[in-house]
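Below is one structure, written out as structure tokens, with a few remarks after it.
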Amino acid sequence: MSLFYIPAGAGEAEFTEKRSRFLGHVRHAESEEEARLFIAQVKKEHYDARHNCWCYIVKDGAVRYSDDGEPAKTAGTPALEVLQHSGLTDLIVVITRYFGGVLLGAGGLT
């Protein structure tokens with residue numbers, strides 16, 4: 001029997017960097033379908049955001065991410081790396097960005 005960790009509950013956080021507002025959304029997801037439904041829900045709720053980047057890991061082996069228009073490998077990839085090093089599974093993370101008028105560059109996004 002394999003041991004794996006799943007999140008105990010949902011979570012949200014907010015962070016502001018150079019007037020850009022970032023919202024982090026974390027939820028438990030046991031399948032790709034659940035993860036994709038959550039992504040769609042967040043995109044619908046934050047339709048006016050510049051980006052809704054996401055990543056997820058589910059125990060059936062699905063590992064996916066999207067930078068959603070941010071420069072390649074500056075949003076979804078770093079978020080996925082954090083998840084992979086956490087030891088958690090069955091988890092979807094969506095990072096919503098409301099652009100504040102200042103370009104952050106790759107380092108600022110990561």
Side-chain angles (χ1 to χ4, degrees):
M1 177 177 202
S2 297
L3 180 66
F4 59 91
Y5 298 96
I6 61 172
E12 293 188 0
E14 184 172 334
F15 176 77
T16 302
E17 176 69 23
K18 296 182 183 173
R19 298 191 320 245
S20 280
R21 187 170 152 229
F22 294 86
L23 306 173
H25 317 271
V26 179
R27 297 287 186 279
H28 175 76
E30 292 186 4
S31 67
E32 276 195 271
E33 182 180 352
E34 280 185 47
R36 294 198 176 272
L37 286 171
F38 182 66
I39 294 165
Q41 175 187 336
V42 171
K43 284 185 171 190
K44 183 177 180 181
E45 181 179 346
H46 298 281
Y47 66 90
D48 55 341
R50 178 69 63 99
H51 305 281
N52 285 289
C53 306
W54 52 266
C55 62
Y56 61 83
I57 299 175
V58 292
K59 68 179 170 249
D60 69 6
V63 177
R64 308 272 188 270
Y65 74 92
S66 169
D67 294 313
D68 191 38
E70 292 283 18
K73 300 189 187 240
T74 61
T77 302
L80 179 61
E81 289 174 0
V82 169
L83 288 187
Q84 289 173 320
H85 293 301
S86 74
L88 294 170
T89 190
D90 291 354
L91 183 65
I92 170 71
V93 174
V94 181
I95 303 110
T96 300
R97 179 182 184 191
Y98 286 93
F99 184 61
V102 177
L103 296 175
L104 300 177
L109 291 171
T110 307

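Residue numbers count from 1 along this sequence.
Using cut-offs of 30° and 60° on the angle between ring planes, the pair His25 and His46 is tilted.
Taken from CZ in Arg36 to CZ in Arg64, the straight-line distance is 7.0 Å, to the nearest 0.5 Å. Between atom CG of residue Leu88 and atom NE2 of residue His28 there is a gap of 11.0 Å, rounded to the nearest 0.5 Å. To the nearest 0.5 Å, the span separating CG on Asp90 from NZ on Lys59 amounts to 4.0 Å. Going from atom CD of Glu81 over to atom OG of Ser86 covers 12.5 Å, rounded to the nearest 0.5 Å. Taken from CG in Asp67 to CH2 in Trp54, the straight-line distance is 10.0 Å, to the nearest 0.5 Å. The distance from atom CZ of Arg50 to atom CZ of Arg97, rounded to the nearest 0.5 Å, is 7.5 Å.
Residue Gln84 qualifies as enclosed at atom CD: its count of foreign heavy atoms under 6.0 Å is above 12.
Following chains of ILVMFWY side-chain contacts shorter than 4.5 Å, one can reach Phe15 starting from Leu83, so the two form part of one hydrophobic cluster. Linking ILVMFWY side-chain heavy atoms closer than 4.5 Å, directly or via other members, places Val94 and Leu23 in two distinct hydrophobic clusters. When hydrophobic clusters are built by joining Ile, Leu, Val, Met, Phe, Trp and Tyr residues whose side-chain heavy atoms come closer than 4.5 Å, directly or via intermediates, Ile57 is grouped together with Tyr65.
Counting heavy atoms from C-beta outward, Thr16 and Phe22 have side chains that stay 4.5 Å or more apart. Contact check for Tyr56 versus Ile39: side-chain heavy atoms found under the 4.5 Å cut-off. Side-chain atoms of Arg27 and Gln41, non-hydrogen and from C-beta on, never get closer than 4.5 Å to each other. By the 4.5 Å heavy-atom criterion applied to side chains, Val58 and Ser31 are not counted as neighbours. At least one side-chain heavy atom of Leu80 sits under 4.5 Å from a side-chain heavy atom of Val63. You'll find the side chain of Asn52 stays beyond 4.5 Å of the side chain of Ile95, heavy atoms only.
With a 6.0 Å cutoff to the six-membered ring centre and a 45° limit on the axis angle, Arg21 counts as a cation-pi contact of Tyr98.
Nearest approach of Cys53 to Gly76, heavy atoms of both residues: CB-N, 4.5 Å.
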Give the intermediate values and the outcome of side-chain contact (heavy atoms from CB on, under 4.5 Å) for residues Val26 and Leu91. CA-CA 7 Å; Val26 179; Leu91 183 65; 3.2 Å; yes
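Without hydrogens or angle criteria, Thr74 side chain to Pro71 main chain gives a donor-acceptor distance under 3.5 Å.
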